[in-house]
Amino acid sequence: MVEQTKAYQNDLERERSRAVQLEEAVRSYKKQLAEARDSSHGLEEEIHEKDTQYCEAIRNERNQRKSVEAELESFRLSMEDALRRRNEMEKENVALKDKVQRQEKYIGRLQDRDKQNRRQTNAPRPSYMAGVEKELPRLRNQNPAVHSPLRVGSKIGAGLKQHYKQSFGAEENTRPSNFSLEE
């Protein structure tokens with residue numbers, strides 16, 4: 001029995017040493033587990049912070065993109081408006097240039113007509129105007145009523161008087177006048 005007791009005691013010692021080793025291993029594992037949990041919590045917090053930072057950065061990028069796109073759209077619209085106004089101004093400019101050219105041609109024709117009229121008035125009078133008196137050059141103190149081609153006695157004056165009598169009836173103009181056709 002003594003041997004058996006010794007064998008039991010040896011088994012007991014072995015089991016105790018093994019239990020101590022296992023307890024040491026359990027403590028070591030628990031310590032590692034606690035460290036791993038702390039590390040994982042730290043990593044989770046770091047991941048959460050980075051996720052929050054990245055989400056905020058993405059939101060900022062989106063807001064900046066939207067503002068840049070809005071600004072770009074505004075510039076595009078203003079550019080289209082400027083191009084439209086430029087085209088309108090070019091059309092108006094072309095129309096004004098055309099108008100100026102037409103007016104220049106018209107003025108040129110008027111000037112040519114005026115030149116021709118002046119040439120014709122300087123030319124000898126045709127035979128149908130042979131009896132009509134020419135208007136004499138006026139002197140500074142000369143009375144226009146006396147030397148006018150419209151005076152009574154001239155063919156033009158008599159013709160005008162006759163024309164007005166026929167047009168307005170036989171009555172005379174009774175309004176006061178500084179200039180009369182009769183002397």
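Among residues two or more places apart in sequence or in another chain, the salt bridge (charged side-chain N to carboxylate O under 4.0 Å, His left out) test is passed with E23 by R27. For the salt bridge (charged side-chain N to carboxylate O under 4.0 Å, His left out) test, residues two or more places apart in sequence or in another chain that qualify with E69 are R65.
Rounded to the nearest 0.5 Å, atoms CG (L96) and CD (Q103) are 9.5 Å apart. Atom CG of N63 sits about 8.5 Å away from atom CD of E56, to the nearest 0.5 Å. Distance CG/L72 to CG/L77: 9.5 Å, rounded to 0.5 Å. Here CD of E61 is found 13.0 Å from NZ of K66. Values are rounded to the nearest 0.5 Å. Atom-to-atom distance recorded for N87:CG and N93:CG is 12.5 Å, nearest 0.5 angstrom. Rounding to the nearest 0.5 angstrom, the gap separating the CG atom in N60 from the SG atom in C55 is 11.0 Å.
A salt bridge links R76 with E73; the closest basic N to acidic carboxylate O contact falls under 4.0 Å.
Applying the salt bridge (Lys or Arg N to Asp or Glu O under 4.0 Å) rule to pairs touching residues 28-46 yields E46-K50, sequence neighbours excluded. Sorted by first then second residue, the side chain to side chain donor-acceptor pair (under 3.5 Å) pairs that include residues 7-21, not counting sequence neighbours, are Q4-Y8, D11-R14. Contacts classified as salt bridge (Lys or Arg N to Asp or Glu O under 4.0 Å) and involving residues 106-115 (residues at least two apart or in different chains) are given here: D114-R118.
Hydrophobic side-chain contacts under 4.5 Å tie L110 into a cluster, directly or through other members, with Y106.
No side-chain donor-acceptor contact under 3.5 Å links S74 to the backbone of A70.
Atom CZ of R86 has 12 or fewer heavy atoms from other residues, nucleotides or ligands within 6.0 Å.
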